[in-house]
Amino acid sequence: MPSSDNSGFAPEVFSTNSAIENNELNVAGCSATRLASEFGTPLFVIDEDDFKLRAASWKSALEKSFALHAGTVFYAAKSFISVEVAKWINEVGIGLDVCTGGELAVALAADFPADRIEVHGNNKSEIEIRRAIEVGVRAIVIDSFQEIERVARIAAELGTIQKVLLRLTPGIEAHTHEFIATAHEDVKFGFSIASGSAWKAVEHVEEQDSLRLAGFHCHIGSQIFGIEGFSIAAARLIELLAKYRNHFDRQLPELDLGGGYGIAYLPGEESEDPHGVLAALSQVVNDECAKHSLNIPFVSIEPGRAIVGPTTITLYQVGTTKSVELDGGLTRRYIAVDGGMSDNIRPALYAAEYHALLANRRSSADLVSSRLVGKHCESGDIIIREIDLPEDIGPGDLLAIPATGAYGRSMASNYNHVPRPAVVAVKGGKARTIVRRETEKDLLALDVVEPAREN
Ligand code: LLP
């Protein structure tokens with residue numbers, strides 16, 4: 001391998017305010033070594049201004065592309081939410097998509113306006129539905145026939161008429177990992193259009209006095225590039241809006257096309273451009289509506305990953321390195337860091353690929369084929385299967401993994417009783433904790449030792 005200036009810094013996978021300064025990674029004026037020494041590792045570092053900028057650019061792209069027909073950008077809380085992040089979302093003036101009572105609780109703890117919250121979930125509990133209606137969420141997205149009954153009953157008990165959308169599955173094979181594709185036929189979400197159950201759901205909702213159907217929703221999957229899948233989905237939903245208009249002689253006002261916009265994880269990749277993708281999508285919506293002589297509905301979207309993903313790095317400290325002899329005289333260099341599958345399950349779950357950067361110094365050592373692994377008792381605990389990294393990386397060095405903002409901390413676990421990392425927000429040279437690091441005390445906090453009782 002040639003020796004080079006192997007900083008590995010590729011701006012396309014780092015947040016807007018990241019750079020190499022004084023030979024180390026710097027995010028929004030905070031150096032990697034300072035962050036690691038002040039807050040410890042592993043550490044999620046989120047670039048606050050970049051987050052707000054991305055959220056605002058999806059908002060302005062929706063408003064520009066759909067003009068009078070722009071609905072709301074609902075940030076998908078599942079990608080990453082905390083009280084502070086909910087405040088940022090509120091400050092930018094967009095909405096929030098929550099899919100559990102827990103996510104709703106975070107939003108409410110942040111005083112997020114309920115009338116900008118949309119509630120998802122394929123199996124919402126009675127308690128979750130009741131709370132959502134009581135606090136006055138903007139809409140509940142209904143996912144099953146039983147849920148039509150449940151939401152209708154609870155709304156009636158609370159003496160209110162609840163605005164709802166129906167989640168539909170438009171039968172699309174999205175080009176993404178099977179586990180993050182959500183709109184093909186054989187899936188747990190929503191009502192299938194092709195089988196006719198979507199239309200039955202429409203009729204059923206219309207029979208409920210305590211529900212007001214506002215429109216249709218779909219989410220075709222995640223980490224999707226190009227608008228082909230979105231276009232087919234939009235066309236199928238619009239066809240159903242037309243059927244509704246023909247049947248009921250009035251029009252449903254809303255269409256929510258979900259999230260799923262892809263981002264760059266590896267050098268050379270490019271994140272979807274909000275303006276490009278939404279301008280193209282608005283053209284499709286206009287054309288399809290024209291085809292059916294339908295008024296253009298308000299169009300909403302739910303990006304999660306595209307807002308938070310690129311804003312965040314994970315900083316790890318290297319603990320151990322070793323070389324393993326492979327067949328054919330090859331060796332593999334293993335670099336083990338102080339986190340792993342408990343703070344990033346995506347490589348193990350979806351074969352997701354990431355980049356890594358030596359963050360605390362520059363090295364001119366040769367690049368060698370390396371495998372980045374975590375500290376968990378599991379051989380699948382791999383963060384990066386294969387990457388060329390400087391040969392002299394060793395204990396104490398810091399590695400930054402870019403684009404870990406979405407579904408990293410939010411899917412973190414305590415596997416092997418490893419405390420979950422802190423999340424630190426950086427801005428203008430200052431850093432502050434927005435989610436604190438778990439401690440050993442937290443890990444033990446739920447353990448109970450007590451005698452058995454009769455029950
Ligand atoms: N709206 C709905 C109804 C969703 O189900 C999702 C994601 C989103 C919006 C946001 O999608 P995004 O824009 O973030 O792609 N854990 C997986 C992703 C699962 C996404 C589930 N639903 C991952 O790490 O890739």
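Since this is a predicted model, take the numbers as computed values, not measurements. Each ligand, and each atom within it, is numbered from 1 in the order the structure gives.
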Which atoms from ligand 1 have a heavy atom of Ala76 less than 4.0 Å away? 8 (C), 9 (C), 10 (C)
So salt bridge (charged side-chain N to carboxylate O under 4.0 Å, His left out) across residues 200-224, not counting sequence neighbours, yields Glu206-Arg250
With a 4.0 Å heavy-atom cut-off (strictly under), which part of Asp97 contacts ligand 1: side chain, backbone, both or neither? side chain
Decide whether an N or O pair under 3.5 Å exists between Tyr350 and ligand 1. yes
When you look for heavy atoms under 4.0 Å from ligand 1, do you find them on the side chain of Arg346, its backbone, both, or neither? side chain
For the aromatic rings, using the six-membered ring if either is Trp, is the centroid distance between Phe80 and Phe51 under 6.0 Å? no
Per atom 2 (C) of ligand 1, closest listed option by heavy atom (Lys78, Met411, His120): Lys78
Determine whether the side chains of Glu149 and His204 contain a donor N or O and an acceptor N or O closer than 3.5 Å. yes
Do any N or O atoms from the side chain of His69 and from the backbone of Ile296 form a donor-acceptor pair under 3.5 angstrom? yes
Applied to residues 254-279, the salt bridge (charged side-chain N to carboxylate O under 4.0 Å, His left out) test, sequence neighbours excluded, yields Arg138-Glu254, Lys163-Glu254
Test your reading of the structure: does His217 have an N or O sitting under 3.5 Å from an N or O of ligand 1? no
Apply side-chain hydrogen bond (donor to acceptor under 3.5 Å, both in side chains) to the pair Arg116 and Asn90, showing each step before the final yes or no. CA-CA 9 Å; Arg116 262 193 275 135; Asn90 191 16; 2.8 Å; yes
Check the side chains of Thr404 and Thr314 for a donor-acceptor pair under 3.5 angstrom, ignoring hydrogens and angles. yes
Pro303-ligand 1 polar pair, N/O distance under 3.5 Å: no
If you measure only the distance, is there a donor-acceptor pair under 3.5 Å linking the side chains of Tyr415 and Glu378? yes
Applying a 4.0 Å heavy-atom criterion (strictly less than), which segment of Arg305 is in contact with ligand 1: side chain, backbone, both, or neither? both
A student checking ligand 1 against Gly304 at a 4.0 Å heavy-atom cut-off should list atoms 12 (P), 13 (O), 14 (O)
Heavy atoms only: which of Arg167, Glu118, His219, Glu302 lies closest to atom 7 (C) of ligand 1? His219
Quick check: Gly260 and ligand 1, any N/O pair under 3.5 Å apart? yes
